[in-house]
Visitor: 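Supplied in structure tokens, the structure appears directly below.
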Amino acid sequence: MEKKEDPKDEIHELLQTLEQQTNWHGGRLVKYDGFWFPVVFLQPILSFQNYFKAKDSDVILASVPKSGTTWLKALTFCIVNRNIYSTVDQNPLLTCNPHTLVPFLELDLYLHQENPNLQHISSPRIFATHMPLSILPDSIRNNSECKIIFICRNPLDQFISFLHFSLENNLGKQTVPTLELYKAFNMFCEGIHSFGPIWDHMLGYWNAHLKDPEKVLFLKYEDLTEDITFYIKKIAEFLGSPFSLEEEKQGLIEQISKLCSFENLKNLEVNKTDYHIGVAKISSFFRKGEIGDWTNYLTPAMAERFQKIIESKMEGSGLTFKF
Ligand code: PAP
């Protein structure tokens, strides 16, 4: 009988053929299908592509890291499960962190097992991913009616947020050293960062949203901070379960908005103590939650350099950001 190839050997062979880079803190990145990923996630990405079968009722939350994923997870969990947990004090968000309630596919479920059994999860299942649209399994993109909600953020705020997250979790630092800032920024401008280039990642979902707005909802972090009530309603409508007048009168939207607010989640005991996939402090997913924090770190010249790059990459797409 022919010996089945060990997946580790397969990855090893594949890695020999792919471009690689060392990022600013010494982590290895590999370029797969036009995007940069931490090497450790290549195997789970391939497993996710190979084995995941979307159901029509699935909800997939997609983002570039540090664009509002945790917030979107909490909001979507509350909106989808509002009939089960009718009062706030019963809500699992009070005792479980959002990343446990809505797991990442490639960063969690397929990281631990090559082909996890996800059939037992009750529908509608909610999953999250940082994968670009073009790399998602076909069953999500084309062969099912599942819904995709994408959230993005001003890339400079995303960059600063990710920098802090990496410094804290990879190097145990709370402050931003200048050398690291410059190194990371240069790589960011070249599109070499986890799940980047950010412009290609965002444009993939943006174009899919333009083509089929009933399949892909496209959100911006900044818009949610401006009018969360509107976006809670929009997400519910997009998922085919708009709030009834009765629910609105009961103040359900305000309750969800408060429960999922940055201040509330940050101060919950569970979000101060838990870890994500055993390595990242959950508290580091709740840093400042502000718009424009990049102005505290980047010079006007750095911002201008990035703005020129992003404007040229986004030209003609209709997708814009305020800087
Ligand atoms: P992930 O993609 O790794 O899961 P993600 O949740 O997208 O991370 O990003 C964390 C950012 O969202 C943090 O931004 P900051 O570093 O600029 O502060 C975090 O503070 C912010 N954030 C987390 N939860 C909320 C929330 N409920 N409301 C608003 N912002 C939030």
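Given the structure is predicted, the values throughout are model-derived calculations rather than measurements. Side chains are part of it too, since the values below use all heavy atoms of this structure and drop only hydrogens, waters and symmetry mates. One-based numbering, in listed order, for ligands and for the atoms of each.
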Visitor: Can you confirm whether or not the ring centre of His130 sits under 6.0 Å from the ring centre of Phe35?
Guide: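 So the answer is no for these two rings.
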
Visitor: Between Asp138 and Arg141, is there a side-chain N and carboxylate O pair less than 4.0 Å apart?
Guide: yes

Visitor: Between Glu290 and ligand 1, does any nitrogen or oxygen pair lie at a separation below 3.5 Å?
Guide: no

Visitor: Once you restrict to heavy atoms under 4.0 Å, what part of His130 touches ligand 1? Side chain, backbone, both or neither.
Guide: side chain

Visitor: Is it true that the NZ or CZ of Lys73 lies under 6.0 Å from the centre of Phe104's six-membered ring and within 45 degrees of the ring axis?
Guide: yes

Visitor: Which residue holds the protein heavy atom closest to atom 20 (O) of ligand 1, what is that atom called, and what is the gap in Å?
Guide: Arg287 N, 3.1 Å

Visitor: I need the nearest protein heavy-atom contact for atom 26 (C) of ligand 1: residue, atom name and distance, please.
Guide: Trp71 CG, 3.4 Å

Visitor: Kindly write out the residues that satisfy salt bridge (Lys or Arg N to Asp or Glu O under 4.0 Å) with Glu226, not counting sequence neighbours, or none if the list is empty.
Guide: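 Result, salt bridge (Lys or Arg N to Asp or Glu O under 4.0 Å) vs Glu226: none returned.
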
Visitor: Would you check whether Cys260 has a nitrogen or oxygen atom less than 3.5 angstrom from a nitrogen or oxygen atom of ligand 1?
Guide: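 N/O-N/O distance below 3.5 Å exists for this pair.
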
Visitor: Would you kindly say whether His25 and Asn23 are connected by a side-chain donor-acceptor distance under 3.5 Å?
Guide: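 Indeed, the side chains of His25 and Asn23 share at least one donor-acceptor pair under 3.5 Å.
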
Visitor: Give the residue, atom name and distance (to 0.1 Å) of the protein heavy atom nearest atom 3 (O) of ligand 1.
Guide: Lys66 NZ, 2.7 Å

Visitor: Can you tell which of Tyr221, Trp294, Phe162, Phe195 gets a heavy atom nearest to atom 12 (O) of ligand 1?
Guide: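 Minimum heavy-atom distance to atom 12 (O) of ligand 1 goes to Tyr221.
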
Visitor: Under a 4.0 Å threshold between the charged nitrogen and the carboxylate oxygen, would Glu168 count as salt-bridged to Lys281?
Guide: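 Judged by the 4.0 Å cut-off on N to carboxylate O distance, Lys281 and Glu168 do form a salt bridge.
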
Visitor: May I ask you to check whether Val64 has an N/O atom sitting below 3.5 Å from an N/O atom of ligand 1?
Guide: no

Visitor: Side chain or backbone of His99 under 4.0 Å from ligand 1, or both, or neither, by non-hydrogen atoms?
Guide: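 Near ligand 1, His99 shows its side chain, while the N, CA, C and O stay back.
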
Visitor: Is ligand 1 less than 4.0 angstrom away from at least one heavy atom of His164?
Guide: no

Visitor: For residues 173-200, which side-chain donor-acceptor pairs fall under 3.5 Å, sequence neighbours excluded?
Guide:
residue: Asn186; atom: OD1; partner: Arg305; partner atom: NH1; Å: 2.7
residue: Asn186; atom: ND2; partner: Tyr182; partner atom: O; Å: 3.4
residue: His193; atom: NE2; partner: Ile198; partner atom: N; Å: 3.2

Visitor: Check the orientation of His276 and Phe285. Use parallel for under 30°, tilted for 30 to 60°, and perpendicular for over 60°.
Guide: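 Ring orientation, 0 to 90° scale: perpendicular.
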
Visitor: If you have a sec, work out which protein heavy atom is nearest atom 2 (O) of ligand 1 and how many Å separate them, to one decimal?
Guide: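 Looking only at protein heavy atoms, the one closest to atom 2 (O) of ligand 1 is Thr69 OG1, 2.6 Å.
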
Visitor: Select the closest option to atom 17 (O) of ligand 1 among Glu263, Arg153, Lys288, judged by heavy-atom distance.
Guide: Arg153

Visitor: Which one holds for Ser67 and ligand 1: side chain close, backbone close, both close, or neither close, with close meaning a heavy atom under 4.0 Å?
Guide: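 Backbone only.
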
Visitor: Between Lys233 and Glu237, is there a salt bridge with N-O shorter than 4.0 Å?
Guide: no

Visitor: Below 4.0 angstrom from a heavy atom of Pro65, which ligand 1 atoms are there? Numbered from 1 as shown, please.
Guide: 2 (O)

Visitor: Which residue owns the protein heavy atom closest to atom 6 (O) of ligand 1, what's the atom, and how far is it?
Guide: Thr70 OG1, 2.4 Å

Visitor: Run through Phe286, Trp294, Tyr297, Phe159 and flag the one making a ring pair (Phe, Tyr, Trp, His ring centres under 6.0 Å) with His164.
Guide: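 Of all the options given, the one that passes is Tyr297.
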
Visitor: With respect to atom 10 (C) of ligand 1, which of Phe286, Phe104, Phe285 exhibits the smallest heavy-atom separation?
Guide: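 Nearest heavy atom to atom 10 (C) of ligand 1 lies in Phe285.
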
Visitor: For Ser161, counting its heavy atoms only, list the atoms of ligand 1 lying under 4.0 Å from any of them.
Guide: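 Atoms satisfying the 4.0 Å criterion: 11 (C), 13 (C), 14 (O), 15 (P), 16 (O), 17 (O).
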
Visitor: For ligand 1, does Ser261 get within less than 4.0 Å through its side chain, its backbone, both, or neither, judged by non-hydrogen atoms?
Guide: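 The answer is the backbone of Ser261.
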
Visitor: If the threshold is 4.0 Å, N to carboxylate O, is there a salt bridge linking Glu214 and Lys147?
Guide: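 Salt bridge: no.
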
